[in-house]
Amino acid sequence: MADILPTLLFAEHDDASLNPVTARALTAALALGAPVHVLVAGENAQAAAQAAARLDGVAEVLLADGPAFAHRLAEPVAALGVALAPAYGALIAPSTAVGKSVMPRIAALIDVMQVSDVIAVVAPDTFDRPIYAGNAIQRVRATDATRVLTIRTAAFAAAGEGNAAPLRTLDLAEPSAHSHFVGEDIAASARPELTAARIIVSGGRALGSAEKFHEIVEPLADALGAAVGASRAAVDAGYAPNDWQVGQTGKVVAPDLYVALGISGAIQHLAGMKDSKVIVAINKDEDAPIFQVADYGLVGDLFEIVPELKAEIAKAK
Ligand code: FAD
């Protein structure tokens, strides 16, 4: 397929700054071989647009700035994507809550097939994506004239910085809003964000209570400067908040170090963390499946091991 038309990458940002997943999705976008334009849709999003212009390989940044794009509601951003689509050969977004909400709408509106959760670009029209909770990889060929993709960013390295791409402000009529922003509850945390963290410490059902989760998992995470994750069993039992869940129905992560405390290693959990570079598991059952993916395994009681580990880390500091 001749890639004459450029690729449009939807930036993930909060107006003030660019989320690091954008630089990873850019690597996937560049692999299509066409020039890459980055769309920054937001309100007062100049700073995010400037950050996008610094990313290596970006040919142009398009800034759609206005109240209609505040909070990146799916309907107006999708309408913008549809308006821009004829000029592009591919529309790409990271597989985040925003990307997963916007891109299927665009694909439906322009009547093409979306390829979700791309983990490798084999050719400009051919992509690998996980199926069956990551137990099989499907190779998909997109035959539509416009490819619509979401990218599993953990599978791609971040593009570098040092560019000074031109910035074009879009002069589009603002799309009518079918939805309204009501409010948001943002959990304030001094810890790194789960999907961007270099280290993650996760706790499972074995913790037994929210108090124990707080007493055992969180201090170890803080000693390591890590984000906190949890298994679905721990979330369902109320030991940890929903947005800490790692796995098939939670977040997909690939940190440098993933520490699993009292997590059995069900396939649905592994689907969210098995691409981590180094996996450490502490479990009292030596046959727990988590040990099949762990680089370092400690068989024992986490209530004894974790405080000892924390004390050793404190000594080493
Ligand atoms: P358990 O499986 O109960 O394991 C607890 C482990 O702790 C055991 O291995 C035990 O040996 C160990 N242990 C107990 N006491 C101690 C101790 N004192 N010291 C050390 N080790 C101890 N799960 C996810 O995590 N994420 C998902 O996104 C997800 N999505 C799902 C989607 C679907 C459609 C379905 C059907 C399931 C999903 N699940 C998901 C659930 C998944 O199947 C498992 O039930 C869940 O991951 C189990 O959580 P766990 O490992 O904490 O608990």
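One-based numbering, in listed order, for ligands and for the atoms of each.
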Residue, atom name and distance, where the atom is the protein heavy atom closest to [atom]:
atom	result
atom 45 (O) of ligand 1	Arg205 NH2, 4.4 Å
atom 21 (N) of ligand 1	Lys284 N, 3.1 Å
atom 30 (N) of ligand 1	Thr249 OG1, 2.6 Å
atom 10 (C) of ligand 1	Asn283 OD1, 3.5 Å
atom 51 (O) of ligand 1	Ser264 N, 2.7 Å
atom 33 (C) of ligand 1	Arg232 NH1, 3.5 Å
atom 36 (C) of ligand 1	Gln268 NE2, 3.8 Å
atom 13 (N) of ligand 1	Ala206 CB, 3.4 Å

Quick check on contacts: which atoms of ligand 1 are under 4.0 angstrom from a heavy atom of [X]?
X	answer
Gly262	5 (C), 6 (C), 7 (O), 21 (N), 52 (O)
Gly247	26 (N), 27 (C), 28 (O)
Gly250	28 (O)
Ala233	48 (C), 49 (O), 50 (P), 52 (O), 53 (O)
Gln248	27 (C), 28 (O)
Asp301	17 (C), 18 (N), 19 (N)
Phe303	18 (N)
Ser231	25 (O), 49 (O), 50 (P), 52 (O)

Heavy-atom neighbours of [X] [atom1] exceed 12 at 6.0 Å:
X	atom1	value
Lys274	NZ	yes
Asn135	CG	yes
Tyr132	OH	no

Does ligand 1 have any atom sitting under 4.0 Å from a heavy atom of Gly300?
->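 Per 4.0 Å heavy-atom rule, Gly300 contacts ligand 1.
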
N/O of Leu302 under 3.5 Å from N/O of ligand 1, yes or no?
->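 N/O-N/O distance below 3.5 Å exists for this pair.
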
Val246, any N or O under 3.5 Å of ligand 1 N or O |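 It does: an N or O of Val246 is found under 3.5 Å from an N or O of ligand 1.
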
Is a side-chain donor or acceptor of His269 paired with a backbone partner of Val246 at a separation under 3.5 angstrom?
->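 It does hold such a pair.
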
Output yes when a side-chain donor or acceptor of Thr7 lies under 3.5 Å from a complementary backbone atom of Val36, and no otherwise.
->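 No.
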
Begin with the C-alpha distance, continue with both residues' side-chain angles, and end with the deciding distance and a verdict on side chain to side chain contact (heavy atoms under 4.5 Å, CB included) for Asp295 and Lys277.
-> CA-CA 9 Å; Asp295 299 283; Lys277 290 197 183 66; over 6 Å; no

Derivation and outcome, salt bridge (Lys or Arg N to Asp or Glu O under 4.0 Å), residues Arg198 and Asp256 = CA-CA 5 Å; Arg198 285 185 48 248; Asp256 293 341; 3.2 Å; yes

Any side-chain donor-acceptor pair under 3.5 Å between Thr146 and Tyr88?
->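 Their side chains do not contain a donor-acceptor pair, so the 3.5 Å distance test is not met.
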
Who pairs with Ala197 by side chain to side chain contact (heavy atoms under 4.5 Å, CB included), at least two apart in sequence or on another chain?
->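 For Ala197, the residues satisfying side chain to side chain contact (heavy atoms under 4.5 Å, CB included) (neighbours in sequence not counted) are Pro192, Ile200, Ala227.
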
Can you list the steps and then say if Asp125 with Arg147 is a salt bridge (Lys or Arg N to Asp or Glu O under 4.0 Å)?
-> CA-CA 8 Å; Asp125 62 353; Arg147 288 144 291 160; over 6 Å; no

Hydrophobic cluster membership, Ile119 vs Val293, 4.5 Å side-chain cutoff |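 Shared cluster, no.
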
Could Asp117 and Arg129 be called an ion pair, given the rule that one side-chain N must be under 4.0 Å from one carboxylate O?
->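 The answer is no: the pair does not qualify as a salt bridge.
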
